[in-house]
Amino acid sequence: VGANLPSISTTEALIMDLLRDGERFGLELVDQSGGSLKRGSVYVILARMEAKGFVTSRLDDRPAPPAGATRRLYAATGYGLQVHHAYGLLRRALALRPAAVRP
Amino acid sequence: VNARLLDWLGRCLLHERTVALIVEPALADLTFETAGTSASWRRPQAQLGPWVALVLAIWHDIVSDPRGPAWGRSVRVLATLTFVVACYHASMLTLILGFETKWRTGVSHQLAAAVSGQSVPMLTAAAFAFGVAWAARRAHSTDGH
């Protein structure tokens, strides 16, 4: 049963939090994470999340600089937000001490 | 950042989709930052970012390859063994450099001879491995996967 469940890491959860308000560039996510996300790894994490269906991406409509490539914008999917919300509930539930849980 | 070199390496070694999702966004964001008023792109971390992205993309491509379950474990073992050998050579090099600057002893000469003697076969093996990986990647890409 567990093999079919989607998994979301703490870094992916952070990205989902940052994408909750709308589309972001990879570099914006790095800047807004306060050092939790690194420039080199954020794009790999986003690619992995896109493969999982947590985020979607598109090329920016605005014209690119003369010598540069078009930037890529990332947005959270409904499925990704749903998984993120479910794991948030699970983390909070499991964080309770056994003594605090009523039988 | 030598964007052309990075782009060329990415296209040689990676799937087109991986280049589009990892290497190109990293380069595009850095180019955008370079063209703007912010000076944060001058930091070494900013310059190193796309190169780190390329290395991680190679790893990502190996692990997420459709043949991953069949050969992913072997690649991990190979990477671990390579890491162990690299650590050995790095420590030997550190020892030699340390001896070279202070005491030029017979031990340092022996170590230097040992490492320099191994460097040619090591480089040849690395070039051969790179060639095989490149050819395999090319063959895999032309299959339409």
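Heavy-atom basis, side chains included; hydrogens, waters and symmetry copies ignored. Just so we're on the same page: letters track the sequence lines, and every chain starts at 1.
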Is it the side chain or the backbone of Ser41(A) that comes within 4.5 Å of chain B heavy atoms, both, or neither? both
Note: Ala28(B) and Arg71(A) closest approach over all heavy atoms is CB-CA, 3.9 Å
If hydrophobic clusters are built from ILVMFWY residues whose side chains come within less than 4.5 Å, do Leu37(A) and Ile8(A) share one? yes
Using every non-hydrogen atom in the two residues, find where Ala47(A) and Leu21(B) come nearest and quote the distance to one decimal. CB-CB, 4.2 Å
Count the heavy atoms of every other residue, nucleotide or ligand shown that sit under 6.0 Å from CD of Gln32(A), and state whether that count exceeds 12. yes
same_hphob_cluster(Leu29(A), Phe25(A)) at 4.5 Å side-chain heavy-atom cutoff: no
Hphob cluster co-occupancy, Leu89(A) + Tyr79(A), side-chain heavy atoms under 4.5 angstrom: no
Quick check: closest heavy atoms across Glu50(A) and Arg17(B), and the distance to 0.1 Å? OE2-NH2, 3.5 Å
Transitively linked via ILVMFWY side-chain contacts under 4.5 Å: Leu27(A) with Leu59(A)? no
If you round to the nearest 0.5 Å, how far is CG of Leu56(B) from CZ of Arg48(A)? 10.0 Å
To the nearest 0.5 angstrom, please state how far the CG atom of Asp29(B) sits from the CD atom of Glu28(A). 8.5 Å
